[in-house]
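Here the structure is laid out as structure tokens; the discussion comes afterwards.
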Amino acid sequence: MNNNNFRKSGLAIAMAAAMGASAGANAAVELYNEDGTSFSVDGYFNAFYVNRDAKVSDTRNSDVKMGFLPNTIGFNFSKEVGDLTMGGRSSFWSTINDSLQSPTDTAIDVRQLYATVDGSFGQVLIGKDFGLYARSNIFLDEILMGFGSPGAATGVSFGNIRTGYPYPNPSAQITYRSPDMGGLKVAAGIFEPADTTPGAQSEQSAPRFEAEVTYSADLSGLALTGWVNGRHQSSENATTEIDSQGIGYGLKAAAAGFSLTASGFTSEGDAPVLIVDGALPSEEDADGYLVQASYTLGSNRFVASYGETDSDQADFETENTSLAVFHDVNSNFKLVAEYNMFEQDVKSSGATAVDADTIALGAVVMF
């Protein structure tokens, strides 16, 4: 056993698989690697001092809480068997925001619990993992390791969820991923469908279908990544049928330290925040977009971000602006300073529901 051997973390590998891009600098601790069998552990820990000016309620609050990503620890397994590589990952995501609400009963969110089979054909994943719809939209968000818009009191902040893209819920799935075909990658899977028509004789006669196509290329130093993803499902009861579908898309271009990213989504009969069991009143529309620019200078990355969502479904309009600086102390330790301006209106009336400015100062430790 070699406890001093490091490799990319399972979290980074999961993000890299989603993004079709490099996984970043953080590395897992490899606990065992012999005879084609390996086992590693990775972790992600963060905390922010948050000061928020809520203008609708005319209040200002200070908190110490986690950012857009929860604190997590993950376990990764791999074993070579003939021409196949069997793998698995289990990751446990937990909040630090509930220390006064449930001081001895912190919830653990198991977002990943899956096995993989890899071969020359590509990969098959069985179990629970993030969805494919809006997957690259969120994993390529420049403020993924920052704070973003306000979220639930005891949960994570929302980043740009509901201000540019929906959340790719971790879901039970069977997913196929193709090999890298000259920069082109294809993923498609069947997922547990949501019951959006609860009531008498409610049924979902087919699974939820999700897919994503990504393409990456380097054109004389200009790194390009583009993607298209989507999902479709149907749910019906004795009186109602809801067909839900959405398409996400985006393009990222990077060169000489500069990066520009533009992404968006459009949906019909689909929840523009996250899909869950629960009644949807109709097949109403939603759409949104996110534009971001960043510049990396030495160990510092400067980010400007703006996103909107316009949704008849749930009757809201949002916009979110973030300015952030990320400083790498080393490959495992990052400091973050962010200023965020978030507004949400009731679409049908124009009334302002939320108008909040947030300062977030935080640190991230990864291994």
Side-chain angles (χ1 to χ4, degrees), residues 9 11 14-15 26 42-74 90-113 128 130 138-139 141-170 271 273-274 276 303 305 307 316 318 320-326 332-344 353-367:
S9 76
L11 177 61
M15 290 183 180
N26 55 314
D42 60 81
Y44 180 93
F45 309 97
N46 73 104
F48 286 78
Y49 166 69
V50 179
N51 187 283
R52 176 172 297 130
D53 178 14
K55 298 175 183 178
V56 173
S57 60
D58 192 23
T59 58
R60 181 179 290 274
N61 283 292
S62 291
D63 296 284
V64 176
K65 60 198 307 181
M66 62 192 179
F68 188 20
L69 290 177
N71 293 282
T72 180
I73 187 165
S90 179
S91 67
F92 304 92
W93 308 60
S94 183
T95 182
I96 66 170
N97 299 0
D98 62 351
S99 56
L100 299 180
Q101 291 79 21
S102 51
T104 61
D105 190 27
T106 293
I108 295 177
D109 183 359
V110 184
R111 299 191 183 185
Q112 294 171 303
L113 187 59
K128 183 180 182 182
F130 294 95
I138 188 172
F139 279 128
D141 189 339
E142 292 277 10
I143 62 165
L144 185 65
M145 293 185 180
F147 197 82
S149 65
T154 59
V156 294
S157 60
F158 274 10
N160 282 299
I161 296 170
R162 69 142 163 28
T163 57
Y165 52 72
Y167 179 52
N169 297 44
V273 180
L274 74 169
V276 295
V303 178
S305 173
F316 70 84
T318 58
N320 189 50
T321 303
S322 293
L323 301 173
V325 179
F326 298 83
N332 297 88
F333 181 30
K334 187 185 302 288
L335 300 177
V336 184
E338 184 178 331
Y339 182 65
N340 174 267
M341 295 167 282
F342 171 77
E343 185 173 341
Q344 179 169 330
V354 181
D355 186 357
D357 294 348
T358 303
I359 297 172
L361 305 174
V364 179
V365 173
M366 302 165 283
F367 71 83

Verdict with reasoning, M145 to Y44, per side chain to side chain contact (heavy atoms under 4.5 Å, CB included): CA-CA 10 Å; M145 293 185 180; Y44 180 93; 3.5 Å; yes
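Counting only N and O atoms by type, the side chains of R162 and T318 include no donor and acceptor under 3.5 Å apart. Side-chain N/O atoms of N51 and N61 include no donor and acceptor closer than 3.5 Å. Using a 3.5 Å distance cut-off with no hydrogens or angles, the side chains of S91 and R111 do not pair a donor with an acceptor. A donor atom on one side chain and an acceptor atom on the other are found under 3.5 Å apart for N160 and N320. For the residue pair S62 and Y49, a side-chain donor N or O sits within less than 3.5 Å of a side-chain acceptor on the partner.
Closest approach of A271 and P166 over heavy atoms only: O-CB, 4.4 Å. Looking at every heavy atom in both residues, M66 comes nearest to S94 through SD-O, 3.6 Å. A pairwise comparison of heavy atoms in F68 and D141 identifies CE2-OD2, 4.2 Å as the closest pair. The shortest non-hydrogen separation linking P150 to A356 is CG-CB, 4.5 Å. For the residue pair A363 and L335, the shortest heavy atom distance occurs at CB-CD2, 4.0 Å.
A heavy-atom distance below 4.5 Å is found between the side chains of I138 and P168. Residues F130 and F139 have side chains in contact (heavy-atom distance under 4.5 Å, counting atoms from C-beta outward). Side-chain contact between L361 and F48 is absent, with no heavy atoms from C-beta onward closer than 4.5 Å. Put simply, the side chain of V50 does not reach to within 4.5 Å of the side chain of I359, judged on heavy atoms. With a 4.5 Å cut-off on side-chain heavy atoms, V336 and F147 do not count as touching. Looking only at side-chain heavy atoms (C-beta outward), I143 and S322 come within less than 4.5 Å of each other. Looking at heavy atoms from C-beta onward, W93 lies out of side-chain contact with V156 at the 4.5 angstrom threshold. For the pair F92/D109, no side-chain contact is recorded, criterion being any heavy-atom separation below 4.5 Å from C-beta on.
Between R52 and D63 there is no salt bridge, since no side-chain nitrogen of the basic residue lies less than 4.0 Å from a carboxylate oxygen of the acidic one.
Not one N or O on the side chain of N340 forms a donor-acceptor pair closer than 3.5 Å with the backbone of T358. Counting only distance, with no hydrogens or angles, the side chain of E338 and the backbone of V325 share no donor-acceptor pair below 3.5 Å. In this structure, N71 contributes its side chain and N46 its backbone to a donor-acceptor pair below 3.5 Å.
F342 and F158 have their aromatic ring centers separated by at least 6.0 angstrom.
The distance from atom CD of E343 to atom OG1 of T163, rounded to the nearest 0.5 Å, is 12.5 Å. In this structure, CG in L69 is found 4.5 Å from CG in L144, a value given to the nearest 0.5 Å. A distance of 4.5 Å separates CG of L274 from CG of N169, quoted to the nearest 0.5 Å. Separating the CG atom in N97 from the NZ atom in K65 is a distance of 5.0 Å, to the nearest 0.5 Å. Within the model, atoms CE of M341 and OG of S149 stand 13.0 Å from one another, a figure rounded to the nearest 0.5 Å.
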